[in-house]
Each structure stands twice: as C-alpha cells, then as structure tokens.
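As the structure lists them, so they are numbered: ligands from 1, and atoms in each ligand from 1.
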Amino acid sequence: MTRVYLSPPDVGDEERRLLLDAFDSNWIAPLGPHVDAFERDVAERIDVPGALALTSGTAALHLALLLVGVAPGDDVLVPTQTFVATANVVTYVGGRPVLVDSDPDTWTIDPALVADELAARARRGRLPAAVITVDLYGQCADYDRLLATCDEFDVPVVEDAAEALGATYRRRAAGSFGAAGVFSFNGNKIITTSGGGMLVSHDEALIARARYLSTQAREPVVHYEHLAVGFNYRLSNLLAAVGRGQLRGLDDRIARRRAVNEHYRRALTDVPGIAFMPVASYGDPNFWLTCILVDPGSFGATREDIRVALEDLDIESRPTWKPLHLQPVYADAPAVGGAVSASLYDRGLCLPSGSCMAGADLDRVTDTIGSLAR
Ligand SMILES: Cc1ncc(COP(=O)(O)O)c(C=O)c1O
C-alpha cells in the first residue's frame, strides 16, 4: 500500500497542459504571460486590484512587512500558534515578534489580547509597527474585531493567509483584509506551484513598490541602475502556469477537503475525548487540514499514541503547530499569554486531509483512532 501523506499535491491534465504551453513558448523565466495571468486570476478571485506572484509565501510576507513600514527595532504582534515563517520575516527586517496567544474558540489570534496589548502599548507610547494575523489551517481570524482595534490605534494589519486560499470571512475572501495579504503555494497547500507565493492588496501602489523590490529594485532604464536594495523574489513562468491550472480547480479541492472533514467528524463523533478544531460561525474555512484535540483522560491514549499508530500503517499525521513562544529560537521574544496555544499543542493532531484521499484511507484513519479508544 502506498503511503498516505498529510496533504499531498493534487495535479492533473490541466496543469500539465499549461506547464507544457509555458515550456513550448520559451518563456522560461521569472516573468511571462502565465505570471501575468496568474496574478490577474488570483486578484479576481480575492477581489483585490493588485497581486504579485513570488517565489514563496515567506518572500511575500517579507515584502509585506517592508511595505507597511516595519523597520529595525520595531515590535510586530504575531500569533504564537503558527508556522515559524510568520515570525521569521519580522526578524528578517530587524524587528521583534511579540507572540500573542490563541482564542480557544477559533485557534486564531485572540482579538481581546490584541486589543489589551495595543491599549497598554498606546499608554506607554510604544505601539507595534504592525499586527500579523494568520488564517490558521484555512480558518480566518476574527477580522471585525481585529480590524476595529487595529484601525483605532492606526496599526497596519498584514494577513498571513498562506494556508487559507479560498476561505471566507463574512463572505469576503481570505487575504483581502489587511493592508496586504499573503498566500503560499508550497507543495502541501490547498493549491500548489511546487513552491511559490502571492502578495495581494487593495493598494496598487503597494503592489507596484513590491514588484520593484522583488526584481532587485531595478530602475526602468536600459542599463542596470539601482537606487535601493532589492530581492530576487519573482515566480517562474513555468510554475505560474501550474498555479493557473490549480486555481481553476480550487472550489473542487475545497469541496473535497470539506468532505474529508465531514467524514472524520461523522466517524469520530461518538468517540469520547476527541474534539475537532472549532469552525467559527463567521466564515467558511477551506478545510486545508482537519485537526483534532485528544483528551487522554477520556480517550485513553495520547495524540502521540495516535500519531505513532497511524505511522505504523504508513499514514502521516502531525502535531498541530508548536507555538512559537515554546520554540527555542523565539525563547526570548515577549509573549502575551500562551497557555491556550500550549494546551492546544499538547493535544492537537493534524489528520491526513488531501483532496485525493480515498474513502478506504479515511476509514483506516478513523478505525485506527477508534481502536485506541478505551
Ligand atoms: C501560516 C504560514 N505562513 C507562512 C508560510 C510560508 O509559506 P512558504 O512555505 O510558501 O514560504 C506557511 C507555509 O509554508 C504557513 O503555513
């Protein structure tokens, strides 16, 4: 039997056709018609005027922070429960991440803690230069509350929607909420270009400046003239072609991941000690990964017992993100709370959630979990 991966790529004939079209056109460069078209397609999908295709979600976050004005010595509020890239980009620009705990009802950054922290910092005259929100596992953060607070204190929001393409919050697309939004097309995401990312914004001037910085800050003259330090961050035309094909199937992929989530919920509903990541009433996640919480007291085994039992069957699952305040690399970063995300990490497990997952494999996962219950 072949290994069941957590979130493997799901590519087909359309992606192959577009990739070969790019290849045959000889636009084998980090620019070309598929890059332009992929940017237009994503901008239209998110309903923003500007999009910039980049080499990774991390590159997009890096540029976003520079463009909202984060400078050396600045603090940036970051959720502690996320992939490390969200905080690393703060370090890249010489800033300091301040790690904020999760809301237990959504697992995303706690809007009440953000409000308290901004108010306390306003009194001290030390507001952060930005707040990064993360749409965790494909579920949006609570933007009504977060944006109201950040607007009140005039702090820009960067939306890390790396995991959330296609998700919505009150019918608006993930990625469209901050001064800038970021997507990842890494191999494990809901759509992939093998590696890649996109920066989106309502502010076309911000996208234009990001475009300039992403191409080594080259001035528009014939010779190579540079007034600023730039980066080599543009997405290849070959990969953009794959991305276009993937985007055409996004709704279908979301539907299939939702069906995976529903299958797990149905099968495990009566198992004591197993709970699911809550789905907030304010939106529709893209169900990138289905995550459970395991209470060893009532279930009879730990999440690690489940992970090992699945691994023995060659089925990949993974603990939920280890909070950044528990990561050695950010041990010295200031933290705002942290007990909620630490407890989610102790109990949390991401189940295999790929859009091509066979029903028999879903059953093997739920049967294995059921067999460990007391
Ligand atoms: C929340 C989050 N932010 C940022 C990234 C970074 O994206 P990339 O791997 O494309 O650099 C990822 C995933 O990889 C992520 O899950």
**Prompt:** Looking at Phe299, is Arg374 sitting on its ring face, NZ or CZ under 6.0 Å from the six-membered ring centre and within 45 degrees of the normal?
**Reply:** no
**Fill in**
Out of Pro79, Ser184, Ala161, the nearest non-hydrogen contact to atom 7 (O) of ligand 1 is supplied by Ser184
**Complete:** Numbered in order shown, the ligand 1 atoms found under 4.0 Å of a heavy atom of Ala162 are 2 (C), 3 (N), 4 (C), 5 (C), 12 (C), 15 (C)
**Item:** Contacting atoms of ligand 1, where contact means under 4.0 angstrom from a heavy atom of Asn186
**Value:** 9 (O), 14 (O)
**Nearest non-hydrogen protein atom, atom 16 (O) of ligand 1** = Glu163 OE2, 2.6 Å
**Message:** Please evaluate residues Phe38 and Phe185 with respect to the criterion ring-ring contact (aromatic ring centres under 6.0 Å, His included), reporting the C-alpha separation (whole Å), side-chain torsions for both, the decisive distance (0.1 Å), and the verdict.
**Reply:** CA-CA 12 Å; Phe38 189 35; Phe185 309 123; 5.2 Å; yes
**Request:** Any chance you could lay out the ring-ring contact (aromatic ring centres under 6.0 Å, His included) test for Trp321 and Phe83, step after step, and finish with the verdict?
**Result:** CA-CA 6 Å; Trp321 297 126; Phe83 182 53; 5.2 Å; yes
**Request:** Would you mind telling me which of Tyr143, Tyr169, Trp288 makes a side chain to side chain donor-acceptor pair (under 3.5 Å) with Asp135?
**Result:** Tyr143
**Request:** Output yes when the distance from some N or O of ligand 1 to some N or O of Thr58 is under 3.5 Å, and no in every other case.
**Result:** yes
**Request:** Just go through Met198, His62, Gln81, Lys189 and tell me whose heavy atom is the nearest to atom 13 (C) of ligand 1.
**Result:** Lys189
**Item:** Residue pair Val155 / Ala129: nearest heavy atoms and the distance that separates them
**Value:** CG1-C, 4.3 Å
**Asked** Per the side chain to side chain donor-acceptor pair (under 3.5 Å) rule, which among Lys189, Glu163, Arg257 passes with Ser7?
**Response** Arg257
**Message:** Taking 4.0 angstrom as the limit and counting only heavy atoms of Thr82, give me the atoms of ligand 1 inside it, by number and element.
**Reply:** 1 (C)
**Request:** Classify the side-chain pair Tyr330/Thr91 by whether it contains a donor and acceptor separated by less than 3.5 Å.
**Result:** yes
**Request:** Check whether any N or O atom of Gly57, backbone or side chain, sits under 3.5 Å from an N or O atom of ligand 1, and answer yes or no.
**Result:** yes
**Asked** Which bit of Ser56 is near ligand 1, meaning a heavy atom under 4.0 Å away: side chain, backbone, both or neither?
**Response** both
**Message:** If I compare all heavy atoms of Pro352 with all of Met357, which pair ends up nearest, and what's the gap?
**Reply:** O-SD, 3.3 Å
**Asked** Any nitrogen or oxygen of Trp321, main chain or side chain, under 3.5 Å from a nitrogen or oxygen of ligand 1?
**Response** no
**Message:** Contact between ligand 1 and Gly196 is defined here as a heavy atom of the residue under 4.0 Å from a ligand atom; is it met?
**Reply:** yes
